[in-house]
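Below you'll find the structure, written out as structure tokens, and then a few comments.
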Amino acid sequence: MREIAASAITETVARLAVEAAHFLPGDVEGAIREARGTERSPLGVQIIDEILENAEIARERMLPLCQDTGTAVVHVELGQDAHVTGGYLIDAINAGIERGYGEGYLRNSIVDHPFGARTNTGTNAPGVIHTEIVPGDAIHIGFMPKGGGCENMSRYRNFLPGAGRGAVVDFVCETVDVSGGNPCPPLVIGVGVGGTAEKAMTIAKHALFRAIGERNPDPDVAALEGELLEAVNALGVGPQAVGGSTTALDVFVETHPTHITALPVAVNIQCHSARTKHATL
Amino acid sequence: MAEQTAIRLPLTDEAIAGLRIGDHVAFSGVIHTARDAAHKRLIAMADAGEPLPLDLRGQVIYYVGPTPARPGRVIGSAGPTTAMRLDPYTPRMLELGVRGIIGKGGRGPAVREALRAHRAVYCIAVGGTGALLNRHIAAVEVVAFEDLGTEAIRRLDVRDFPAIVVNDAHGGDLLETGKRQYRTSARPMPAPGA
């Protein structure tokens, strides 16, 4: 059993929140830079240039990449031989969110009662925290400030079990097509296929923690990812939906075994400001 | 970089008439921020016949909820939010005199028609470039609904604020035109406003 102090978790989450808001991950910036070379629309190229310039300004002047510093989505892999001391894990994470958003001058975007008074909690806490028990004695924390514009374009549908691969492709394309500029393309698209309703959406979200270009180890799923990326980019949505050949930077698909009656498909969209940070304690 | 049309605010009828979809504009002068909660309040006040906290006639409204300013700075990151959420309020705002809007993403059929009818223009700033757009904001003052925090109405003094015309006063729609132009997919175009 290895002991990990709750205060260390708080400190780590606070740091990840600030870093994620200001520093675009290298793989994302690289993919955007690459897209600049292939984008067919001159207006699209100009938008990509502004996105790249924005990343530079954010980094140098410590200004958040985007004013929507998101819902704090935290994915925790808790080693079963790790023991959190001096506090409750979830409280420690929420304290880290509060500290990071406050000290980092990030926007608090969380309201308490979704259909009631909608009063801002003033701290951006609570986060949306997923925990997974894994082997080992470490705690891995993935932090994703998830913007509202893209999250609001998420969709779920259960298809007839025989609908197959074609249904997945059609559903993802339709989702991206009708979302237009709302989720801030070029996008990163997470797709969860199988499981149950909540499992499909959870794995779609978790897929967004992958680095650009990282393929699913299953060759069939990896092939589907390639097919989806091509199909989505053929839609012509383009950067900020002004028309163009770069609608998505990557598509990540995760699957889970499912019920004989079901083919659940969840699409969770990430914007070009695909902010994720990781730490292991 | 494509040529920018410099526009001194407030917007004039001539300036609006001259703008076409895909034009790059650089706004200088005063614009006001408003998001969901501020729209809801403004329209409720107007409907109740109460005086508004600002004169909307000829105004440009920017859909933005900035991050807090670090000490010594006027504002934080300040990029556009999704415009479609404001669609239910926009025809009424245009009736109240708004002539220009800056947001991101497309507008539904009712808003496009209202823009045409009121001879107004909808532009996008590039979503997710709030750090870059910060540099074009010289001064900020909260003018109404301070209790709304990031959603309060702010008066922004902007310099060469970059935007792209998406819906002009002639009924054009850049997002639809652009998607059609670059679409290589055999899939049918989605219905407008779908």
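First the proteins, then the strands, lettered A, B, ... as listed; each starts at 1. Please read all numbers here as calculations on a predicted model, not as lab measurements. Basis for what follows: all heavy atoms, side chains included, without hydrogens, waters or symmetry-related copies.
A donor-acceptor pair under 3.5 Å is formed between the side chain of B/Arg70 and the backbone N or O of A/Met62. Using modelled atom types, no side-chain atom of A/Gln67 and backbone atom of B/Gly65 make a donor-acceptor pair closer than 3.5 Å.
Taking B/Gly128, B/Gly106, B/Ala83, B/Gly130 one by one and counting their heavy-atom pairs under 4.5 Å with chain A, the maximum is reached by B/Gly128. Counting heavy-atom pairs under 4.5 Å between each of A/Gly180, A/Cys66, A/Cys184, A/Ser41 and chain B puts A/Ser41 at the top. Taking chain A as the reference chain and counting heavy-atom pairs below 4.5 Å, the highest number among B/Ser77, B/Gly105, B/Gly79, B/Gly178 is found for B/Ser77. Chosen from B/Pro80, B/Gly149, B/Ser185, the residue pairing most often with chain A at heavy-atom distances under 4.5 Å is B/Ser185.
Looking at B/Ile124, the atoms closer than 4.5 Å to chain A (heavy atoms on both sides) all sit in the side chain, from C-beta outward. Only the backbone of A/Leu65 comes within less than 4.5 Å of a heavy atom of chain B; no side-chain atom from C-beta onward does. In this structure, the portions of B/Thr129 lying under 4.5 Å from any heavy atom of chain A include both its backbone and its side chain. In this structure, chain A has no heavy atom under 4.5 Å from any part of B/Ile21. For B/Arg180, no part lies near chain A; criterion is any non-hydrogen pair under 4.5 Å. With a 4.5 angstrom heavy-atom cutoff, A/Asp170 touches chain B via backbone and side-chain atoms both. Residue A/Asn182 touches chain B through both its backbone and its side chain, counting heavy-atom pairs closer than 4.5 Å.
Put simply, CG on B/Leu133 and CD on A/Glu50 are 7.5 Å apart, with the number rounded to the nearest 0.5 Å. Taking CG of A/Asp177 as the start and CZ of B/Arg187 as the end, the distance is 8.5 Å to the nearest 0.5 Å. Note that CG of A/Asn120 is 8.5 Å distant from CD of B/Glu151, once rounded to the nearest 0.5 Å. For the atom pair B/Thr67 OG1 and A/Leu63 CG, the distance stands at 6.5 Å (nearest 0.5 Å). Interatomic distance, A/Gln46 CD to B/His24 NE2, rounded to the nearest 0.5 Å: 4.0 Å. Between atom CD1 of residue B/Ile164 and atom CD1 of residue A/Ile47 there is a gap of 4.0 Å, rounded to the nearest 0.5 Å.
At most 12 non-hydrogen atoms from other residues, nucleotides or ligands lie less than 6.0 angstrom from CZ of B/Arg155. Counted within 6.0 Å of CD on B/Glu113, heavy atoms from surrounding residues, nucleotides or ligands total more than 12; the atom is thus considered enclosed. Open room surrounds CD on A/Glu34; 12 or fewer heavy atoms of other groups in view lie less than 6.0 Å from it. Few gaps surround CD on B/Glu50; more than 12 heavy atoms of other groups in view lie less than 6.0 Å from it.
Within residues 236-247 of chain A, the residues having any heavy atom closer than 4.5 Å to a heavy atom of chain B are A/Gly236, A/Val237, A/Gln240, A/Ala241, A/Val242, A/Gly243, A/Gly244, listed by residue number.
A/Leu106 approaches B/Pro68 most closely through the heavy-atom pair O-CD, 3.5 Å. The two residues B/Ala131 and A/Pro64 come nearest to each other via the heavy atoms CB-O, 3.7 Å. Shown here for B/Thr82 and A/Gly149, the closest heavy-atom pair between the two residues is OG1-CA, 3.7 Å.
You'll find the side chain of A/Arg118 stays beyond 4.5 Å of the side chain of B/Asp36, heavy atoms only. Using a 4.5 Å heavy-atom threshold, the side chains of B/Val126 and A/Asn54 count as separate.
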